[in-house]
Amino acid sequence: MKHTVVAMVEDRPGVLTRVASLFRRRGFNIDSLAVGTTEEQGISRMTIVVDGDDGIVQQVEHQLNKLIDVVKVSDLTGEDTVTRELVLLKVRCGAINRRGVLDIVEIFRAQVIDLSPTSLIIQVVAEEDRLDALVENLRPYGVMEMVRTGRVAMTRGEQTAAVHEEEPDELQRFHTESGRRPEGELPFTSK
Amino acid sequence: MRLSGADIVLECLKRIGVDTLFGYPGGVVLPLYDRMPAHPEIHHVLVRHEQGGGHAADGYARASGRLGVALATSGPGATNLVTAIQNAMMDSVPTLFITGNVARELLGKDGFQEADATGIIMPAVKHNYLVMRADDLAYTFAEAAHIAQTGRPGPVHIDIPKDVFLEEAEFTWPEEVSIRGYDVPGAGDDELVRDAAAIIDDAERPLIIAGHGIILGRAWDELVAFAEKIGTPVLNTLLGLGSIPADHALSYGMLGMHGSYEANIAASTADVVIALGNRMDDRAMGRFADFNREAKVIHVDIDASEHNKNIPATVAIVGDVKQVLPQLTAAVQTGAHAEWVREVDTLRDEHTDSMAVPSGPELSVQHIVTRISELSPEATVVTGVGQHQMWAAQQMTFTRPHQLITSGGLGTMGFEVPAAMGAQAALPGQRVWSICGDGGFQMTLHELATLLDEQLPVKMAIMNNGFLGMVRQWQELFYADNYVSVSMSQPDFVKLAEAYGIKGLRVTDIESVDAAIKEANDHPGPVLVDFQVEAEGNVWPMVPAGASLAETIETPDEVTA
């Protein structure tokens, strides 16, 4: 079964390596991994889709929690959530068959964001099964290239996966002023 | 106070309480070495190989319960440390490893003696840091020391580019560290403790398996109080030996691959298994799927990821054994399981052959380690890995925590001499015996020179059988006597010792054992004893790799190769 695990991590060099290395070493299968900044300065959010039974996912959570740079781990599986993924698709398409492609785009509420005489790029944000259906429908036209961001998810209503735990002032100053989170000057940055 | 990075590092070590540093200099750490004379409170031990320094820090930490610290230069210095770091990781030893690296502007440029130490070491540590500014040093060291020594302890690595040692920064020692991604578990959940207590109260054949966590958590008294209240046998994992005195009525020694017959059968027939401070690994528990399927398992560990990893727990309590054990002791009824204890006693009495000390005439390792234990009962014992390690664990009497220092998880041959060196450095005036394999000894014997330099009177007993004994045993039993790359000609160990300026003794017959041990004990300096033991002794009992504890083999006849 696929689980959606959210890890809130310190935005520090090496954190992505730590997480990736953990998954490799423990033999966990990741379907997707999406990383980005959050509402809180210094915290990044990783949304990880893991394939495995409950025992494996519990191990994933515990092992992630052991990493010092991981602040909070939540399993959103079974929670009332919205999940989305963004896909860009480059489809072979000339004037002759464009109408057919555009029909599909409309049905799936996708958008055309680039057009050339022989191809176009479609963008769609949706849940995965709808994305899969879109791709299946476009395949006969010739999918030249596809990129997917991986799943992101958020619980509905008041509940959040956020950290909501402010770093003490002293530590925040240390992190921001002392360059523990430098931007672009380290050879081993995680992003 | 403005100081150079090098001075800050040394100041930090002093604030942490470090008095001994096992290290090896090299280009990028020269700025640090340059400042050492100004900090005489820290004694630097010049080892002969970084791996030796790493194991010494490990032995120091295990002998004393304090943070062990090793230092190495960049590149090969850092990579030589890796075995020792992983060893400390597997056995949860509170250690700090410091490496220098090339100057910041050269990082990532493949310069002379550059290795990505941060990347290489990352999966082998509890946490690590690459410190890019002298400003960050103090906080990083404070955080590192905190992480290494709290929760489930472990190694922490700090990588410092050369020019950071030279950079000046304001030094203030943070009195507190706060890490939002790091919680140290304390007491156990009350409801889970009640659940566990109810299961224990209902048990007819409860059994305690006490591991290294009892020693790391300094919970040995709490363990004994708990065991006495429910009146049930206590088994130890290899690293748990000494957590309950071996001469305690409820202590039944080690279980596992070379555990005693009664321990393994008791573990396989208990109706409630109470695992305390151990990770239920394969060498202790046998084949996971067939470990006592009838038993309810109560697993107390400070590391939640150990629960349900190998063996499913009926009740899993996350917490510090030092706090959870008193909770459990208070919650359980005073029990008496006299019948069950008698049952285990009967097993023990009826199955003495497999672990009996051979009476001779050949010189056996079992006899030697037994005599060392009897003639130096207070000694701290450090072992290498293999047959001699198992015989030491089976036959020697460990009456206190920190008495046995051995490489359990990683099984690092070559641990015995440098770790004993570290233990002796932590225990001046106390006796340390290193039980060495003839193979492992030769992996790290270079530290003999350090022993002499530092005047560390470690007593080394080489169990010299001319074989890699445990490998040979497996080839005999499971590979139809097909001995491949397992016999080795040995140097003259006595002459070798003498070449290093160390007293060397040789024992070839059983009658001379006691005299040699006494002579070694009486000699003020380090001593190496070359015990030329029988070539092809085997360790029994044995649970073949991949078998369950219930399939413990007592004698060679039972082996079907």
Side-chain angles (χ1 to χ4, degrees), chain A residues 7-26 40 42-44 53-73 163-175 177-182 185-190, chain B residues 101-102 104-109 114 116-119 122-140 142-144 146-147 151-152 154 156 159 161 169-170 172 174-183 185 301-310 312 316 318:
Chain A
M8 308 301 278
V9 304
E10 297 283 359
D11 180 14
R12 269 180 209 160
V15 65
L16 186 57
T17 311
R18 285 180 209 280
V19 171
S21 161
L22 185 156
F23 275 80
R24 176 197 55 76
R25 187 166 99 72
R26 303 274 174 193
E40 196 171 332
I43 291 281
S44 293
D53 61 32
D54 289 353
I56 289 176
V57 176
Q58 194 188 39
Q59 263 295 304
V60 169
E61 283 182 57
H62 286 153
Q63 295 292 350
L64 280 172
N65 262 322
K66 266 170 81 168
L67 297 178
I68 311 292
D69 287 342
V70 172
V71 181
K72 187 178 175 188
V73 182
V163 174
H164 288 320
E165 201 183 303
E166 282 291 305
E167 276 181 314
D169 288 349
E170 191 192 348
L171 190 64
Q172 206 160 28
R173 217 173 26 251
F174 169 74
H175 282 151
E177 288 173 14
S178 69
R180 189 108 165 258
R181 291 175 186 140
E185 62 179 68
L186 274 179
F188 310 127
T189 46
S190 57
Chain B
N101 213 325
V102 297
R104 282 169 289 190
E105 61 173 19
L106 290 172
L107 279 171
K109 305 285 198 304
E114 186 189 3
D116 175 14
T118 300
M122 192 178 282
V125 284
K126 189 170 170 186
H127 196 52
N128 67 345
Y129 304 85
L130 170 63
V131 184
M132 293 295 282
R133 292 176 189 215
D135 275 323
D136 297 357
L137 281 167
Y139 196 87
T140 303
E143 204 175 275
H146 175 67
I147 289 171
R152 179 180 178 172
V156 176
D159 200 14
E170 188 64 27
T172 37
E175 292 305 327
E176 264 183 272
V177 293
S178 150
I179 310 164
R180 55 182 165 178
Y182 182 67
D183 294 320
D301 202 280
I302 200 161
D303 180 353
S305 74
E306 293 302 346
H307 292 135
N308 301 307
K309 185 177 85 177
N310 295 340
V318 179

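Model, not experiment: these values are computed from the prediction. Every chain is numbered from 1 and lettered A, B, ... according to where its sequence line falls, protein lines coming before strand lines.
Here the straight-line distance linking atom CE of A:M8 with atom CZ of B:R180 works out to 9.5 Å at 0.5 Å rounding.
For B:I302, the side chain to side chain contact (heavy atoms under 4.5 Å, CB included) partners are B:R152, B:P185, B:D320, not counting sequence neighbours.
When heavy atoms are compared at a cutoff of 4.5 Å, B:N128 approaches chain A by way of both its backbone and its side chain.
Residues of residues 55-62 of chain A placed with any heavy atom under 4.5 Å of a heavy atom in chain B are listed by number as A:Q58, A:Q59, A:H62.
Partner B:Y182 forms a side chain to side chain contact (heavy atoms under 4.5 Å, CB included) with one of A:V71, A:I68, A:N65, A:D69 and no other, that one being A:I68.
Heavy atoms of other residues, nucleotides or ligands lying less than 6.0 angstrom from CD of B:E170 number more than 12.
The shortest distance between side-chain heavy atoms of A:L22 and B:M122 does not fall below 4.5 Å. When side chains are defined from C-beta on, B:H127 counts as touching A:R18, because their heavy atoms get closer than 4.5 Å.
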